[in-house]
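Worksheet for the structure shown next.
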Amino acid sequence: MSQPALKEALKLTADVLVIGGGPAGTWAALTAAAKGVKVILADKGYCGSSGATAPSGTGVWYVKPEEELREAAKASRYAMGGKLAEHRWMDRVLDRTYENMNRLGVSGYPFPVDEEGNPYRRGLQGPEYMRLMRKLVKKAGVKILDHSPVLELLADEHGVAGAAGVQTQNGEAWSVHAGAVVIATGGCAFLSKALGCNVLTGDGYLFAAEAGASLSGMEFSNAYAICPTFSSVTKTAYYSYASFYYEDGSVVEGAGSKKGRSVIARNLLAGRQVFAKLDGADEALQPLLRVAQTNFFLPFDRRGINPFKDLFPVTLRLEGTVRGTGGIRITDEQCGTGVPGLYAAGDAATRELICGGFTGGGSHNAAWAMSSGSFAGEGAAAYAAGLGRHSQHRAPVGLSSSPLVHQEVKAGEAARTAEYVEAVQAEVKPYDINLFRTEQGLASSLERLDGLWKEQRSREIQRTPEGVKAREAEAMTATARWMYSSALARTETRGMHKREDFKGSDDSQHHRLISGGLDQVWVKTEEVAKESVLL
Amino acid sequence: MIEVISADRCIECNQCVSVCPTNVFDRADNGIPVIARQSDCQTCFMCELYCPVDALYVAPDSEGITGITEAELEEQGLLGGYREKVGWGKGRQPVASHDFMVKLAARAGF
């Protein structure tokens, strides 16, 4: 701390800066690099292990380009998503996902083969996938900055031109001047410890909004995963084999992994612990389940629980927008945000374009991540290349809403950050505010969240690892405000957004909700592309 | 949460320090890495998976510390169990290529 001015040790330039090293970020980096431009990828943690995908297996929306199969795939979740998906986007994503998955096979991903010897490409194991993506990104000449969270975007009058942050392992500040920036920071799970999600705190939403971009579908942000009370493993799919019981062994009527999740929530709200056991999986199925999702069983095995036979207590852990569909609004086919030089991909971007207001699992998100990452990487590379030699002489400034400083801030700031985080969690975790939404619940929560924002936004934040946590708290506060403002505006039930006071869906609200703003949050409607109605 | 780094097994490669997404470990100048910010651990098991000598143990409890000891882990054969299941390490077949994936998909549709 003796020489604050010397702390900015790392100053780099690139054509494209990718923020986030999960699937979307790595695909963005790969495709941008393939266009011959210089790319830097900065990850908050470690590119390869960070984020929701790395720790576990995921399905992938991989559908052969045969018309019948494609039409069935597109129709499968269209109604569930409240008819907010768009035909053209689903086609593009199905095409690009097919192409990228085949490319992964060529690049060495060990896909299993079926009895005829054909590779099976409808799933990916996260550790294997992301280890390979890191290798491919490095091979493509991309410079990776691990443990380098962003604190703010940089911009000038022409648009976004880089980002600045801090390296958490040595405390040094960093900055990258770049012609274009791709935000691939994932969604927001509010530090709920959902598997791999504690790096996903909505940072990218805040950065984008500070640059003037807007969000879309933030009402679709109340995903909760079924999970053992003691565990971080939030893999809900396997609970389709579960039955749910009370402690005395009697059945919880109506409880289930899909529609019956609300029954579980209502019991938990009433203070009645719910237990599960996977007694719907017969003995032939059990070894298959064990192999396909190895870490699902890890907590049970380590605790000496046989989940097929023994009851274990469950809870619903908040996954927020990670398994929701809202995110940064996309304004063109390159995944641009409407702000020059700024692109968004993966869970950081809205996924309404392919699944509307509902995503039942990882498969759409995984397809969206690799496709939107590719679109954004190519778009950002083309944009940066088009800037020409003038890009060398830009002097962008930071966009953080709170003043970021090099000198030490006053004592007790870390404790205050922890208080803000808890205060936001107290608004977004409770099922009776976020899952079962009402005007009264949302409005009074918003009032408290507005107050929390006001308190934080004028805070001095130091460019240190502790300052990163303060920015995360701000991002979560801002995210919650866009969520609840959108949820208030949608006076109906559609997709995953459930209003207790408006239980049906309302045809006159078949539109998107765009939101944005920092001190003053706003929400407005936007039409869904007409062609989607034809589906 | 991460609870144990086995001093007997650790080769001080600091791979866990690098791969932890939430930066829980610190390098030590002389010796094995230290668990410096245990409460930041998100129980994602990635450090265990990347440890080349099975020196780490992440307890399944994400909300509290179990207090399990290295001696108990050795006795129960728990060190390295996850890496073995994922099929990482010399001479192992990655679970990603297991044909049960195909069989499950045929039965379950996910």
Take A/Tyr120 and A/Tyr62 through the test side-chain contact (heavy atoms from CB on, under 4.5 Å) and record every step on the way to the result. CA-CA 10 Å; A/Tyr120 170 80; A/Tyr62 174 85; over 6 Å; no

Look at [options] and state which one has the largest set of heavy-atom pairs under 4.5 Å with chain B.
options	result
A/Val199, A/Leu298, A/Asn198	A/Leu298
A/Ser232, A/Gly48, A/Pro299	A/Ser232
A/Gln293, A/Arg303, A/Arg131, A/Glu115	A/Arg131

Judged by modelled atom types alone, do [X] and [Y] share a side-chain donor-acceptor pair under 3.5 Å?
X	Y	answer
B/Thr22	B/Asp40	no
A/Thr201	A/Asp203	yes
A/Ser56	A/Asn295	no

Going by the rule ring pair (Phe, Tyr, Trp, His ring centres under 6.0 Å), which residues pair with A/Tyr239 if we only count those two or more places apart in sequence or in a different chain? A/Phe296

Which bit of [X] comes within less than 4.5 Å of chain B, counting heavy atoms only: side chain, backbone, both or neither?
X	value
A/Val113	backbone
A/Thr229	backbone
A/Cys47	neither
A/Pro287	both
A/Tyr109	side chain
A/Leu191	neither
A/Asp146	neither
A/Asp301	side chain

Between A/Asn170 and A/His147, is a side-chain contact (heavy atoms from CB on, under 4.5 Å) present by the stated rule, with each step listed? CA-CA 9 Å; A/Asn170 64 16; A/His147 298 288; over 6 Å; no

With a 4.5 Å cut-off on heavy-atom pairs, point out which of [options] contacts chain A the most.
options	result
B/Val17, B/Thr66, B/Ile68	B/Val17
B/Trp88, B/Phe45, B/Tyr50	B/Trp88
B/Val95, B/Val19, B/Leu49	B/Val19

A/Trp61 vs A/Arg122, test: side-chain contact (heavy atoms from CB on, under 4.5 Å). Steps then yes/no. CA-CA 7 Å; A/Trp61 204 33; A/Arg122 284 177 49 205; over 6 Å; no

Going from CE on B/Met46 to CG on A/Leu195, what distance comes out if it is rounded to the nearest 0.5 angstrom? 9.5 Å

Measuring from atom CZ of B/Arg9 to atom CD1 of B/Ile32, what distance do you get when rounded to the nearest 0.5 angstrom? 13.0 Å

Show your reasoning for whether side-chain contact (heavy atoms from CB on, under 4.5 Å) applies to A/Met476 and A/Cys188. CA-CA 7 Å; A/Met476 289 188 280; A/Cys188 182; 4.0 Å; yes

Once side-chain hydrogen bond (donor to acceptor under 3.5 Å, both in side chains) is applied, do any residues pair with A/Thr168, and if so which ones, sequence neighbours excluded? none

Does B/Glu63 have any side-chain hydrogen bond (donor to acceptor under 3.5 Å, both in side chains) partners at least two apart in sequence or in another chain, and if so, which? A/Arg317

A/Ser192 side chain reached by A/Gln425 side chain, heavy atoms, under 4.5 Å: no

Which residues in residues 70-86 of chain B have any heavy atom closer than 4.5 Å to a heavy atom of chain A? B/Leu78, B/Tyr82, B/Lys85, B/Val86

Name the region of B/Cys20, side chain, backbone, both or neither, that has any atom closer than 4.5 Å to a heavy atom of chain A. backbone

